[in-house]
Amino acid sequence: YDGSKFDSKEYGEVVNVHKSIIKKAVKEIEKVKVSVSKKDVRNRRKGRLDVRDLTKIRTKSENIYKDSIKILDSVDLEIGILVDNSGSNYSGVTNPKTGKTIPRYKVNQQIAIVVHEIAKAAKIPHFVWGFEEVGRTTIIDSMVDFSDCFDKNAGEKLRGIKAGNDNRDG
C-alpha cells in the first residue's frame, strides 16, 4: 500500500495487507477478554476426597468430596483512538525496506484502519477522533463513533485523517 490515494478499494487493500496482524491481535484479545479461574466446591457426593470433611463419616454423611469448577470472568473493554491531524503530518515517513516516502498522515490512516479492524473483529466498542488546532482553537473530528463502530463501512470514514493547518503539537 503506497498511501497515495484512499477510497474503498484502498481501504480493503490496507486491511488485506495487514490481515495476519489483525487476526493475531484479535486472537490475543480474546484470550484477555475471558479469564478462567478454578474454585473448589465442597460438600459434594462425588469428586476428590475432601480431607476437611472426613469427620462427616461419623454422621454417615456422603458429602465428603469436593470438585473444582471453572469460573469464566469476562472483561469489558472500550477503546478510544485520538489521531493527530496537525500540520506536522505533512512531513514524510520513509519505509526502510522500499525507500518510499509517504506523508505521516497516510501512516496514521493505515494504523487507525488496522486498530479499527482489530477492535471491530474483537467486538470491542471503540471510537476514532482526529484533532488539530486552528489558531487557539482545538478542532475534534469524530470519524468513527461508539454508535456506528461495528457498521460495515464505518472504517472508510478514516479517510478524514489528514494534515491540518497548524503545527502546535510541540
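Note that the coordinates shown come from a computational prediction; the quantities given were computed from them, not determined experimentally.
Residues Lys31 and Ile29 form no side-chain contact, since every pair of their non-hydrogen atoms from C-beta on lies 4.5 Å or further apart. Side-chain contact between Thr101 and Val93 is absent, with no heavy-atom pair separated by less than 4.5 Å. At least one side-chain heavy atom of Val114 sits under 4.5 Å from a side-chain heavy atom of His18. Residues Phe131 and Ile139 form no side-chain contact, since every pair of their non-hydrogen atoms from C-beta on lies 4.5 Å or further apart.
Separating the NZ atom in Lys162 from the OH atom in Tyr105 is a distance of 11.0 Å, to the nearest 0.5 Å. A distance of 4.0 Å separates CD of Glu133 from OG1 of Thr138, quoted to the nearest 0.5 Å. Between atom CD1 of residue Ile79 and atom CD1 of residue Ile124 there is a gap of 4.5 Å, rounded to the nearest 0.5 Å. The distance from atom CE of Met143 to atom CZ of Arg159, rounded to the nearest 0.5 Å, is 12.5 Å.
Applying the ring-ring contact (aromatic ring centres under 6.0 Å, His included) rule to pairs touching residues 74-101 yields nothing, sequence neighbours excluded.
No donor-acceptor pair closer than 3.5 Å links the side chain of Asp148 to the backbone N or O of Ala154.
For the pair Asn85 and Gly130, the tightest heavy-atom approach, listed with the atom from each and the gap, is ND2-CA, 3.5 Å. In this structure, Gly87 and Ala163 approach most closely via the heavy-atom pair O-CB, 4.4 Å. Ile118 and Val26 get closest at one heavy-atom pair: O-CG2, 3.7 Å. When all heavy atoms of Ile22 and Val15 are compared, the pair lying nearest together is CD1-O, 4.1 Å. Scanning all heavy atoms of the two residues, the minimum distance from Val83 to Ala112 falls at CG2-CB, 4.5 Å.
Every residue meeting the side chain to side chain contact (heavy atoms under 4.5 Å, CB included) condition with Val115, not counting sequence neighbours, appears here in chain and number order: Ile81, Ile111. Lys120 meets the side chain to side chain contact (heavy atoms under 4.5 Å, CB included) test with His116, Glu117, His126, Phe150; sequence neighbours excluded. The side chain to side chain contact (heavy atoms under 4.5 Å, CB included) search around Ser142 returns Trp129, Asp145, not counting sequence neighbours. Partners of Phe146 by ring-ring contact (aromatic ring centres under 6.0 Å, His included), not counting sequence neighbours, listed by chain and number: Phe127. Contacts of Thr98 classified as side chain to side chain contact (heavy atoms under 4.5 Å, CB included), with partners at least two apart in sequence or in another chain: Asn95, Lys100.
Under 3.5 Å, the side chains of Asp84 and Asn108 contain no donor-acceptor pair of N or O atoms.
Salt-bridge formation is not detected for the pair Lys27/Glu30: no Lys NZ or Arg NE/NH1/NH2 atom is positioned less than 4.0 Å from an Asp or Glu carboxylate oxygen.
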